[in-house]
Amino acid sequence: MTKPCVTQTTNSWPHNALLSLVLMVGALVPLALQADDSVANVAEKNARCLRCHGMETLRYQELATGNMRDFHVDAHKFSQSNHGQQGCVTCHKGDFAALPHRPENTNQYHSCADCHTGDKVLQRMRLVGITAQYKKSVHVQRGVSGFDCFSCHNPHESRLEEIKKPAGNIVDRDNDVCLKCHGTRESAEEKHRIIPKAPLHLKEVRCLECHTPRPGSVIHAIEPATRAERTCEACHSRDSILLTKLYKYRLHESERRTGFINGVVLSDYYVIGMTRHPLLDALGILGMGGAFVGVMVHGIGRWLAARRRQNHET
Amino acid sequence: MKPEPLTHQKVMLYPLWVRIWHWCNAVIFILLLASGISLHFADPAAPLIPFAVARVIHNLSGLCLTLGFVLYVVNNGRSGNFRHYWPVFQGLIGRIMKQTDYYARGIFLGLPHPIAPTWEQKFNPLQQLTYLAIMYLLVPLVIVTGFMLWVPEWAPGQVLGMDGLWPAAVLHYLLAVALGIFFITHLYLITVGETMTSQIKKMVTGWEEISIHKENDHERR
């Protein structure tokens with residue numbers, strides 16, 4: 001795969017406060033941006049957009065709501081994403097040549113399924129199933145306003161392969177998604193007083209582990225808090241749900257078959273009740289059981305010997 | 001053959017603090033074993049003790065074990081009780097053989113105990129070495145690894161490229177198995193006294209009948 005060369009042209013824009021958004025919007029300089037489809041190089045086209053949108057400072061606070069609106073698109077992450085080779089205008093239909101952009105264009109986004117209908121990508125992503133799960137989630141059921149796939153997935157950065165990264169990164173990445181709206185880590189710990197060692201748990205497992213139905217792979221069907229997992233043994237046991245959820249990608253079939261289920265997990269995590277080695281388990285049971293049988297046999301032997309001695313005496 | 005003792009004498013070999021500590025430890029051991037087994041072999045279908053409850057029991061009794069252990073070590077040193085734990089190396093092998101032979105054969109023939117408790121050494125050599133290993137090696141190790149599991153930040157970050165908690169957990173588990181084996185045999189050995197209950201009585205009242213030989217006769221009581 002050839003990575004499109006997205007040249008970040010922010011250096012042509014003095015990177016200072018003078019050119020902060022307020023000024024730009026205030027100046028209302030119409031920019032002649034040609035949405036010229038004949039230009040073959042997508043990257044070059046995108047560079048035009050990224051001239052402004054590649055700036056980290058491209059954000060402002062909405063007066064009405066006080067919310068921060070961020071218009072920055074990380075050029076590097078975009079080029080690395082699944083859509084890195086797509087033109088900005090593939091998804092952003094409309095005329096973005098003028099500034100401010102025309103209001104009728106600004107909120108015109110496509111959903112993932114608008115473009116990915118019946119294609120290979122669709123199948124690989126199991127979009128139909130995911131969308132069905134998503135519709136059952138507490139967010140949709142309760143009609144959280146403005147909530148869609150992009151509340152959690154940054155369309156400019158998402159990458160399918162990222163899921164296969166080590167669990168530690170996955171936990172942070174996935175939890176940051178939720179914490180964007182559900183407060184800080186501290187406030188999350190506050191909400192989870194019911195779980196002992198909440199800071200540790202929130203660091204080592206994903207919100208999804210507890211807030212989606214068992215068994216795994218249904219991470220989009222987020223349930224109300226009343227149904228959240230509160231049984232410790234769900235994770236702290238040999239049939240831990242973590243093996244079908246968080247650690248799913250790290251387990252190799254062969255290791256599962258030999259009983260060394262935690263082979264991969266083992267080296268990174270110790271989860272009480274889950275990370276068990278069959279040999280050590282057998283050793284423990286044999287040791288204790290052997291001691292018990294041993295003393296029983298010794299005791300019975302003593303009893304029989306004593307009885308025989310008594311019989312001899314009488 | 002056992003040398004003829006000059007006199008028999010009842011002495012206080014198990015002072016009150018030892019007995020209190022001992023019986024507390026007995027309860028703590030049972031709690032730790034039961035809750036520990038529940039935590040390790042956790043299974044939602046067949047919980048011995050539910051995980052959440054077992055965790056609390058295990059942590060609290062672990063704390064008690066630690067407290068008891070510290071008091072024990074300090075008192076053992078200060079009161080001189082430690083002398084019973086330190087083997088007299090001269091002829092040790094012979095005495096170990098004698099005691100082993102007793103458990104393997106003599107006890108079935110109804111022979112008397114080969115090594116009688118004395119003021120200096122109240123334990124037989126097998127007991128002595130076991131207790132020394134248990135109290136001065138296994139228990140401290142189980143305490144240290146236990147605290148690592150309780151507060152994972154205290155465990156080494158990485159050991160041989162593995163999460164540092166892992167070796168701590170395996171060691172903790174193996175130590176627990178060893179201590180469990182000790183516990184079972186210890187319970188059984190209660191019954192090998194002069195009579196079935198004499199061992200228990202001794203650990204309740206603290207008095208033990210010892211034989212006073214010429215060489216270790218003394219006024220020190």
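Below, chains carry the letters A, B, ... as their sequence lines are ordered, and counting in each starts from 1.
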Exercise. According to the interplanar angle, ranging from 0 to 90°, do the rings of A/H236 and B/F51 count as parallel (below 30°), tilted (30 to 60°) or perpendicular (above 60°)?
Worked result: parallel
Problem set entry | Heavy-atom proximity to chain B below 4.5 Å, by part of A/L304 | neither
For this session: With a 4.5 angstrom heavy-atom cut-off, could you sort out which part of B/V192 is near chain A: side chain, backbone, both or neither?
Result: both
Exercise. Hey, does B/W150 have a side-chain heavy atom less than 4.5 Å from the side chain of A/K197?
Worked result: yes
Exercise. In Å, rounded to the nearest 0.5 Å, how long is the span from CH2 of A/W303 to OG1 of B/T191?
Worked result: 14.5 Å
For this session: Return yes when atom CZ of A/R227 has more than 12 non-hydrogen atoms of other residues, nucleotides or ligands closer than 6.0 Å, and no otherwise.
Result: no
Exercise. So does B/W23 have more than 12 non-hydrogen atoms from other groups sitting under 6.0 Å from CH2?
Worked result: yes
Exercise. Would you say A/R230 has more than 12 foreign heavy atoms packed within less than 6.0 Å of its CZ?
Worked result: yes
Problem set entry | Part of A/R302 within contact of chain B (heavy atom distance under 4.5 Å) | both
Problem set entry | Partner chain A: residue of B/T185, B/L109, B/V170, B/L149 with the largest heavy-atom pair count (under 4.5 Å) | B/L109
Exercise. Who among A/G294, A/G284, A/A306, A/G290 has the most heavy-atom pairs with chain B under 4.5 Å?
Worked result: A/G284
Donor-acceptor contacts under 3.5 Å from residues 33-49 of chain B side chains, at least two apart:
residue	atom	partner	partner atom	Å
B/S35	OG	B/L31	O	2.7
B/S35	OG	B/L32	O	3.4
B/S35	OG	B/H58	ND1	2.9
B/S38	OG	B/A34	O	2.9
B/S38	OG	B/I49	N	3.2
B/H40	NE2	A/D281	OD1	2.8
B/D43	OD1	B/A45	N	2.9

Exercise. With a cut-off of 6.0 Å (strictly less than), are more than 12 heavy atoms of other residues, nucleotides or ligands near OH of B/Y188?
Worked result: yes
Problem set entry | Contact listing (chain A partner; residues 171-184 of chain B; heavy atom under 4.5 Å) | B/Y173, B/L174, B/V177, B/G180, B/I181, B/I184
Exercise. Where is the tightest heavy-atom contact between A/H298 and B/I107, given as atom of each residue plus distance?
Worked result: CE1-CG2, 3.9 Å
Exercise. Should the heavy atoms of other residues, nucleotides or ligands under 6.0 Å from NZ of A/K135 be counted, would the total exceed 12?
Worked result: no
